[in-house]
Amino acid sequence: MKGLIIKGIGGFYYVKTDSGIVQTRGRGVLKKDNAMLMVGDNVEFEMLDDGDGVIDRVEKRKNAFDRPPISNVDTFVVVFAATKPKPNFDVIDKFLIMAESQDLEAILCMNKCDLADEKVQDEIINRYRGAYKVLAVSGKTGKGIDSLLRAIEGKRAALAGPSGVGKSTITNMIIPDAAMEIGSVSQKTSRGKHTTRHVEIFQLPMGGMLYDTPGFTSFDISGVEAEELDMYYPEIEALRDGCRFDDCRHIKEPDCAVIRAVEEGTLNKERYQSYVRNYEELRNGRRRK
């Protein structure tokens with residue numbers, strides 16, 4: 001039989017098939033080969049007499065991530081709060097880099113817009129203008145949720161972002177039956193408490209799937225080459241052909257179209273500084289190896 005792993009807890013994997021959901025385990029040969037089963041895997045399994053199943057094979061993945069263990073994602077919805085907690089743009093940009101490096105669509109979802117004034121929202125939107133569309137939503141009031149649903153319709157979408165920004169609240173708004181536990185934000189630290197403790201896929205009402213994942217701070221971008229980083233900032237990548245040198249790194253080179261755009265105000269300065277920080281981080285990390 002064939003199916004899709006929609007949840008994994010305590011060594012059991014719950015596989016959705018045309019006829020229902022089957023509790024399964026991985027066959028020993030998978031463990032022997034160190035093959036990690038992931039939520040999102042399309043698998044083949046054998047039914048046992050007790051009604052459970054044993055997974056024999058994992059079909060080829062479109063993509064895969066270790067933390068959290070998910071696969072076959074089409075779209076990252078990078079969720080952050082407009083305020084409470086204040087956006088951590090270094091974390092947000094690392095999510096975007098990882099999405100771009102895996103050839104994934106990325107959508108920015110600014111939650112808690114009901115708590116932030118328009119000036120704050122406009123500053124965030126302007127930061128990513130020309131690179132990503134920012135959807136302003138409120139998981140509390142429902143504002144903007146319809147726009148988010150239209151953006152992920154028919155896709156396998158994963159909510160990504162640090163804890164406390166309202167991922168579970170948004171999931172509950174989209175899929176009330178998910179009955180997710182809602183976490184509060186610590187008054188002392190303004191950091192969210194982890195509420196999602198496993199990865200699970202929910203069917204979207206209009207078609208498509210939504211991955212809900214445990215809160216985590218960022219993806220590791222150490223696998224990205226420093227020399228290719230500009231490809232993962234869409235607004236910088238669009239300017240590369242205007243540089244004098246084909247291998248321009250956009251740091252100190254003469255006649256650099258990127259630096260010129262920053263000086264002229266047509267490229268967001270904060271996003272450029274984010275690129276420089278991540279470039280130096282990747283270059284220095286390679287030197288230490």
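In what follows, residues are counted from 1 in the order of the sequence shown.
Side-chain atoms of Asp93 and Tyr232 form no donor-acceptor pair, as typed in the model, at a separation below 3.5 Å. Residues Lys2 and Asn42 have side chains that never bring a donor and an acceptor to within less than 3.5 angstrom of each other. Side-chain contact check for Asp114 and Thr141: no donor-acceptor pair (N or O, by modelled atom type) lies under 3.5 Å.
Screening residues 246-255 for salt bridge (charged side-chain N to carboxylate O under 4.0 Å, His left out) gives Arg244-Asp255 as the qualifying pairs, with residues at least two apart or on separate chains. The salt bridge (charged side-chain N to carboxylate O under 4.0 Å, His left out) contacts involving residues 150-160 comprise Glu105-Lys155, where partners must be two or more places apart or lie in separate chains.
Contacts of Arg277 classified as salt bridge (charged side-chain N to carboxylate O under 4.0 Å, His left out), with partners at least two apart in sequence or in another chain: Asp90. Under the salt bridge (charged side-chain N to carboxylate O under 4.0 Å, His left out) criterion, Glu235 pairs with Arg271, sequence neighbours left out. Not counting sequence neighbours, Phe80 has no partner by the ring-ring contact (aromatic ring centres under 6.0 Å, His included) test. For the side chain to side chain contact (heavy atoms under 4.5 Å, CB included) test, no residue two or more places apart in sequence or in another chain qualifies with Asp49. Residues meeting the side chain to side chain contact (heavy atoms under 4.5 Å, CB included) test with Glu263, sequence neighbours left out: Ile259. For Lys133, the side chain to side chain contact (heavy atoms under 4.5 Å, CB included) partners at least two apart in sequence or on another chain are Leu135. Applying the side chain to side chain contact (heavy atoms under 4.5 Å, CB included) criterion to Lys119, with sequence neighbours excluded, gives Asp117, Glu123. In terms of the salt bridge (charged side-chain N to carboxylate O under 4.0 Å, His left out) criterion, residue partners of Arg61 (sequence neighbours excluded) are, by chain and number, Asp41.
Side chain of Lys112 to main chain of Gly166: no donor-acceptor pair is present (N/O by atom type, distance under 3.5 Å, no hydrogens or angles). Within the 3.5 Å criterion, the main-chain N or O of Arg127 finds no donor-acceptor partner in the side chain of Glu270. In this structure, the side chain of Thr17 engages the main chain of Gly20 through a donor-acceptor pair within 3.5 Å. Put simply, the side chain of Asn111 gets close to the backbone of Gly139: a donor and an acceptor are under 3.5 Å apart. Checked by atom type and distance alone, the side chain of Tyr272 pairs as donor or acceptor with a backbone atom of His250 at under 3.5 Å.
A side chain to side chain contact (heavy atoms under 4.5 Å, CB included) with Tyr275 holds for exactly one of Val262, Leu229, Val258, Leu267; it is Leu229. Lys62 pairs with exactly one of Asn72, Asp103, Asp74 by the side-chain hydrogen bond (donor to acceptor under 3.5 Å, both in side chains) rule, that one being Asp74.
Contact detail for Gly8 and Tyr13: the closest heavy-atom pair is CA-CD2, 4.0 Å. Of all heavy-atom pairs between Ala82 and Val120, the closest is O-CG1, 4.0 Å. In plain terms, the two heavy atoms of Tyr128 and Leu96 that are nearest each other are CE2-CD1, 3.7 Å. The shortest non-hydrogen separation linking Ala226 to Leu282 is CB-CB, 3.9 Å. Residues Val73 and Leu104 share a closest heavy-atom pair of O-CD2, 2.9 Å. Looking at every heavy atom in both residues, Ile70 comes nearest to Ala158 through CD1-CB, 4.2 Å.
Atom OG of Ser138 is separated from atom CD1 of Ile170 by 9.0 Å, given to the nearest 0.5 angstrom. Atom CD of Glu280 is separated from atom CD1 of Ile251 by 5.5 Å, given to the nearest 0.5 angstrom. Atom CE of Met36 is separated from atom OG of Ser71 by 11.0 Å, given to the nearest 0.5 angstrom.
Between Ile174 and Leu148, the closest side-chain pair of non-hydrogen atoms falls below 4.5 Å. Here the side chains of Asn268 and Arg129 are not in contact, with every heavy-atom distance at 4.5 Å or above. The shortest side-chain heavy-atom distance between Tyr132 and Val78 does not fall under the 4.5 Å cut-off. Taking the side chain as every heavy atom from C-beta outward, Val79 and Val137 never approach each other to under 4.5 Å. Side-chain atoms of Tyr233 and Ile97, non-hydrogen and from C-beta on, do get closer than 4.5 Å to each other.
Within 6.0 Å of NZ on Lys140 lie no more than 12 heavy atoms contributed by other residues, nucleotides or ligands. Heavy-atom neighbours of Asp50 CG from other residues, nucleotides or ligands within 6.0 Å: above the threshold of 12.
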Problem - Verdict with supporting geometry, Thr24 and Val43, side chain to side chain contact (heavy atoms under 4.5 Å, CB included) - result: CA-CA 11 Å; Thr24 70; Val43 299; over 6 Å; no
Exercise for the section: Evaluate the criterion side chain to side chain contact (heavy atoms under 4.5 Å, CB included) for residue pair Ile5 and Met38; output intermediate values, then yes/no. Expected result: CA-CA 7 Å; Ile5 296 179; Met38 298 181 172; over 6 Å; no
Practice task
Apply the test side chain to side chain contact (heavy atoms under 4.5 Å, CB included) to residues Arg57 and Arg27: give CA-CA distance (whole Å), side-chain angles for both, the deciding distance (0.1 Å), then the verdict.
Solution key: CA-CA 9 Å; Arg57 191 177 77 86; Arg27 192 172 291 280; over 6 Å; no
Exercise for the section: Decide side chain to side chain contact (heavy atoms under 4.5 Å, CB included) for Lys16 and Met209; before the verdict, give the C-alpha distance in whole Å, the side-chain angles of both, and the deciding distance to 0.1 Å. Expected result: CA-CA 12 Å; Lys16 180 179 176 59; Met209 304 175 189; over 6 Å; no
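Its side chain within the 4.5 Å cluster rule, Leu48 clusters with Val54 among the Ile, Leu, Val, Met, Phe, Trp and Tyr residues. Grouped with Leu115 in a hydrophobic cluster is no other residue, since no side-chain heavy-atom contact under 4.5 Å to another Ile, Leu, Val, Met, Phe, Trp or Tyr is found.
Both tests hold for Arg25 against Phe12: distance to the six-membered ring centre under 6.0 Å, angle to the ring axis within 45°.
Checked against the 6.0 Å centroid criterion, the rings of Phe65 and Phe76 qualify as a close aromatic pair.
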